Amino acid sequence: MVVAVGSRDLTRRVLQTYADLPVLYEHMAAADPWMGRKLAGLVRRSPLGLESVRAFTTAHAELSEARDIRLDEVMTAVRRSAERGLGSVTVNEVDEWQEQLCTAQVAGEFFFAETAFVVVASKP
């Protein structure tokens, strides 16, 4: 994930906290925040044949669009983590980061991008 706002350090810490959270989705008993990085290797070590690895990037220059697709989820998850004393940001820093997002939008400097990795495998 890439987010352009005022403080690089705070942005790195917010996004790192989010990246390290195991986000559970419906029908999942466990989650691994590093899975996207591991998928190709897992397929190579499996009986499946690795067909392709592709990256798909979504980019937005408007805060409202980025909030709808991901940033609201990021802020909520990081805030919950901070409230439990986990991660590398405080609740006040999450609030500060949210203000920086708005400031960047008003200044015309906001930018958000996220890359998803898709691994295609087949039975031999």
Side-chain angles (χ1 to χ4, degrees):
M1 212 177 281
V2 173
V3 181
V5 296
S7 172
R8 288 183 185 185
D9 175 64
L10 181 55
T11 298
R12 283 185 186 118
R13 290 186 294 119
V14 167
L15 295 180
Q16 185 63 52
T17 297
Y18 181 74
D20 287 342
L21 292 174
V23 179
L24 295 175
Y25 297 98
E26 189 175 357
H27 308 297
M28 290 177 65
D32 181 348
W34 283 73
M35 186 53 68
R37 298 162 179 89
K38 295 178 179 180
L39 281 173
L42 288 171
V43 170
R44 284 189 195 105
R45 290 188 304 277
S46 79
L48 299 172
L50 181 63
E51 298 291 326
S52 65
V53 178
R54 295 199 176 117
F56 297 92
T57 301
T58 303
H60 296 280
E62 295 296 324
L63 176 58
S64 61
E65 294 172 357
R67 288 185 72 132
D68 287 346
I69 66 157
R70 180 68 78 201
L71 284 182
D72 280 347
E73 175 188 327
V74 170
M75 286 186 283
T76 299
V78 172
R79 176 180 298 285
R80 286 184 186 147
S81 178
E83 288 169 348
R84 295 185 315 222
L86 304 172
S88 57
V89 293
T90 66
V91 172
N92 288 340
E93 287 176 317
V94 175
D95 293 339
E96 178 184 337
W97 193 66
Q98 188 168 359
E99 288 175 25
Q100 288 183 15
L101 293 170
C102 295
T103 299
Q105 175 66 35
V106 169
E109 298 172 353
F110 176 80
F111 179 76
F112 169 86
E114 181 176 29
T115 301
F117 299 97
V118 177
V119 175
V120 177
S122 62
K123 289 184 179 182

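The first residue of the sequence shown is numbered 1, and numbering continues consecutively from there. Fair warning: this is a prediction, and the values are worked out from it, not measured in the lab.
Hydrophobic clustering keeps F112 apart from V2 (ILVMFWY residues linked when any side-chain heavy atoms are closer than 4.5 Å, directly or through intermediates). No single ILVMFWY cluster, assembled from side-chain heavy atoms under 4.5 Å apart, contains both F111 and M75. Put simply, M1 and L39 are part of two different groups of oily side chains (I, L, V, M, F, W, Y) that touch within less than 4.5 Å, one to the next. Criterion: ILVMFWY side-chain heavy atoms under 4.5 Å apart, direct or through other members. Under it, M35 and L48 are part of a common hydrophobic cluster. Note: the hydrophobic cluster containing V118 does not contain L50 (ILVMFWY, side chain heavy atoms under 4.5 Å, direct or indirect links).
Among all heavy-atom pairs drawn from L63 and L71, the shortest one is CD1-CD1, 4.0 Å. Shown here for Y18 and V78, the closest heavy-atom pair between the two residues is CB-CG2, 3.7 Å. Shortest non-hydrogen contact noted between S81 and G87 is OG-N, 3.8 Å. Among all heavy-atom pairs drawn from T11 and V3, the shortest one is CG2-O, 3.6 Å. Between A104 and A4, the closest heavy-atom pair is CB-O, 3.9 Å.
Remark: R12 CZ to S7 OG distance equals 9.0 Å, nearest 0.5 Å. Taken to the nearest 0.5 Å, the NZ atom of K38 stands 9.0 Å off from the CZ atom of R45. Taken to the nearest 0.5 Å, the OG1 atom of T17 stands 13.0 Å off from the CZ atom of R79. Residue L101 holds its CG atom at 7.0 Å from CD of Q98, rounded to the nearest 0.5 Å. Rounded to the nearest 0.5 Å, atoms CH2 (W97) and OG1 (T90) are 14.0 Å apart. In this structure, CG in D72 is found 11.5 Å from CZ in R70, a value given to the nearest 0.5 Å.
By the 6.0 Å contact criterion, CZ on R37 is enclosed, its count of non-hydrogen atoms from other residues, nucleotides or ligands being greater than 12.
Looking at T115 and T57, their side chains do bring a donor and an acceptor atom within 3.5 Å of each other. Side-chain atoms of Q16 and D20 form a donor-acceptor pair, as typed in the model, at a separation below 3.5 Å. In this model, a donor atom of one side chain and an acceptor atom of the other lie less than 3.5 Å apart for E51 and S122.
In this structure, the side chains of E99 and E96 stay at 4.5 Å or more apart for every pair of heavy atoms. With contacts defined as side-chain heavy-atom distances shorter than 4.5 Å, the pair V120/V43 does not qualify. Contact of the R13 side chain with the L10 side chain is registered, since non-hydrogen atoms from C-beta on lie closer than 4.5 Å.
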I would like to know whether R80 and E83 meet salt bridge (charged side-chain N to carboxylate O under 4.0 Å, His left out); could you show each step before the answer?
CA-CA 5 Å; R80 286 184 186 147; E83 288 169 348; over 6 Å; no
Any chance you could lay out the side chain to side chain contact (heavy atoms under 4.5 Å, CB included) test for E93 and V14, step after step, and finish with the verdict?
CA-CA 9 Å; E93 287 176 317; V14 167; 6.0 Å; no
